[in-house]
Protein chains: 2
Amino acid sequence: MGEINRYSIGEFSEKTGVSIRTLHYYDEIGLLQPEKHPSSGHRIYKHQDILTLQKIVSLKFLGYSLEKITNLLHQSIITVDLNETLALQLEVLKKDKERIEQSMTTIQRVIKVLEEEGGVDSAILFSLIHSMQTESIQNEWLERHNLTVVVEKLSKKTEKEKITLDKTFIQMAKEVKKLYGKPIQDQEVQKMIKAFIEASFEFLGDDLVQQLADAEVEELDIQELENLAPSPFTEDEQKWLNQAMEYYMKEAGME
Amino acid sequence: MGEINRYSIGEFSEKTGVSIRTLHYYDEIGLLQPEKHPSSGHRIYKHQDILTLQKIVSLKFLGYSLEKITNLLHQSIITVDLNETLALQLEVLKKDKERIEQSMTTIQRVIKVLEEEGGVDSAILFSLIHSMQTESIQNEWLERHNLTVVVEKLSKKTEKEKITLDKTFIQMAKEVKKLYGKPIQDQEVQKMIKAFIEASFEFLGDDLVQQLADAEVEELDIQELENLAPSPFTEDEQKWLNQAMEYYMKEAGME
DNA sequence: TATAAGACCTCACGTAACTGGAGGTTCAAG
DNA sequence: CTTGAACCTCCAGTTACGTGAGGTCTTATA
């Protein structure tokens, strides 16, 4: 094409860094429609098109959809609408950011756990991951049942303490899977249950455990919680564990 | 369906919070294929499917594509591969987060500027947005031309100072657009140029401005920079501005 | 037991923002 | 005048589903 202020699509693509195919697409959806050579049909881009494309790229970067951008560009008084939508856009980005951050901390915790624990049964691992992800929903559940104290207590725990809890949980789960099948009165089994219950007490504190035990929760709600935080055990393992715990409670003279 | 451990798709959807259509889709792509009633073709989900679905949801949350998840699930020893890919996934999320953060600060700066400046010509606004976005690329350009000092100086500026610079830039651009057409020797025009140059000196410091002036930069590189940071002016406005500045330089006895 | 409501089935198109390829036309250089 | 690069249009595919049509199956009630 050669002439100044008149670019072929190839030159224009080169200059702006936007692919030819994308420029075709923008033309197709009416976002950026350059002049066309009347006989050949070749696109002719001009200086103004560079400016328009820069607007498009900018708005895209800010998170606007191409459809919104099309509308924004066709209104000449952009600033008015922009001013309103910017705040909205900021909110959207904030939520995206939070989601990403949560995924990142989850991954980091999983990596830590894998590093320090080595091979972990995948059921255990996913149970852990899932419960991390639904932490906020679990908190909602607790608050609905007047257990805000627990939520507060948990939120005060540092990242390190949480990893410690993760590890405790994993070790306990591993042991359950190892010991499963033995009679529930078995010394080793009862020792494991004891260790687990003591760890829980230590983490939450006696008073909170008591509150949790006292809380009146209906069967249906328990179901709901179980869906939120899936057990890493098979149904049989779970049954066995429950029996072993009941036995322990009786022996220890708890209710 | 009614029976325990056998759920119709509707029940299963209810229980897990995953839409029926999504379950259909997961079946279709071989991600989660429940038993089917031989005559009716109705899907029958069981307890194991809940666990599988939870794995799927977890991995999806961590940012994996359904295709990857399919592979991960079909390998029974998940933890090995997971351990490797988690780190990669973390990197991807990090980049996403950075992009989002940059968009957020850009939007915040734009909002601030709009608040304090009111109506702004859209060309000016987009020129500003665009240059914010390409800040890192502009820094690369500067570093390539041995102007790392400038980059360092700029990086030390606080967010507030940057907003001040934005506003200076906008006011100057507004005035250029207002005064455009007047003779370049006009007092008002020359006053504006003076104000602008002084503001630049103040922001960067005399020494840096000198360095920038001394830097040997080729025409082609200048072109490149212009593509990175588009001028908010029309070509005519730009020409007029250049002439006015040259006149000012001569008058002020600068080179 | 007949019937109607509701749950389920498959098929197929639509979404966003492109990318890639096939097959044909135009341009620029030799 | 030829040839190869650049360009054109049209079609298909991508992800993770949503939506709706039109037909079948189950379940509750009359």
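Letters A, B, ... mirror the listed sequences (proteins, then strands); counts begin at 1.
Note: CZ (A:F12) to C1' (D:dC7) measures 16 Å, nearest angstrom. Rounding to whole angstrom units, CD1 of residue A:I56 and P of C:dA16 are separated by 16 Å. Atom-to-atom, CD1 of B:I20 to P of D:dG18 comes out at 11 Å; the value is rounded to the nearest Å. In this entry the distance linking NE2 of A:H24 with P of C:dG20 reads 14 Å, nearest Å. Between the CD1 atom of A:I69 and the C1' atom of C:dC18 there is a distance of 13 Å, given to the nearest Å. Atom CG in B:D27 sits about 14 Å away from atom C1' in D:dC17, given to the nearest Å. In this structure, the CG atom of A:L23 is 10 Å from the P atom of C:dT19, given to the nearest Å. Computed from coordinates, the B:E11 CD to D:dT26 C1' distance equals 12 Å when rounded to whole Å.
Between the side chains of A:S39 and A:H37, a donor-acceptor pair is found at a separation under 3.5 Å. When only modelled atom types and interatomic distance are considered, A:S103 and A:T106 share no side-chain donor-acceptor pair under 3.5 Å.
Within the 4.0 Å cut-off from OP1 or OP2 of D:dC17, at least one side-chain nitrogen or oxygen of B:Y26 is found. For B:Y25 and D:dG18, the shortest distance from a side-chain N or O to OP1 or OP2 is not below 4.0 Å. Close to D:dC7, at under 4.0 Å from its OP1 or OP2, lies no side-chain N or O of A:R43. The phosphate of C:dT10 (OP1 or OP2) has a side-chain N or O of B:K36 nearer than 4.0 angstrom. Between A:S39 and C:dT26, a side-chain N or O to OP1/OP2 separation shorter than 4.0 Å is absent.
Here A:H47 pairs with nothing under the ring-ring contact (aromatic ring centres under 6.0 Å, His included) rule; sequence neighbours left out. In this view, A:E143 satisfies the salt bridge (Lys or Arg N to Asp or Glu O under 4.0 Å) rule with no residue, not counting sequence neighbours. Under the side chain to side chain donor-acceptor pair (under 3.5 Å) criterion, B:K239 pairs with no residue at all, not counting sequence neighbours.
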Nucleotide-resolved protein contact map, nucleotides 19-24 of chain D, B/S/- at heavy-atom distance under 4.0 Å:
B-----
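Closest contact between the side chain of B:L66 and the listed nucleotides D:dC7, D:dA16, D:dT9 involves D:dA16. When the nucleotides D:dC17, C:dT19, D:dC8 are ranked by their closest atom to the side chain of B:K60, D:dC17 comes out on top. With C:dT10, D:dA16, C:dA17 as the choices, the nucleotide that has an atom nearest any side-chain atom of A:S65 turns out to be C:dA17. Nearest nucleotide to the A:H37 side chain, out of D:dC17, D:dT26, C:dC27: C:dC27. Which of D:dT15, D:dA16, C:dC9 sits closest to the side chain of B:E67 comes down to D:dT15.
Taking a 4.0 Å limit (strictly below) on heavy-atom distances, residues 28-35 of chain A does not reach DNA chain D anywhere.
When ring centroids are compared, A:Y45 and A:Y7 stay outside the 6.0 Å threshold.
Note on A:K94 versus A:E91: salt bridge recorded, some NZ/NE/NH1/NH2 to OD/OE distance being below 4.0 Å.
Mapping B:I9 and A:T22 onto DNA chain C by nearest heavy atom places B:I9 closer to the 5' end of the strand.
Between B:L32 and B:F12, the shortest heavy-atom contact is CD2-CE2, 4.3 Å.
B:Q89 is listed as a side-chain neighbour of B:Y64, based on a closest heavy-atom distance under 4.5 Å.
The list of salt bridge (Lys or Arg N to Asp or Glu O under 4.0 Å) pairs with a residue in residues 20-30 of chain A, not counting sequence neighbours, reads A:D27-A:R43.
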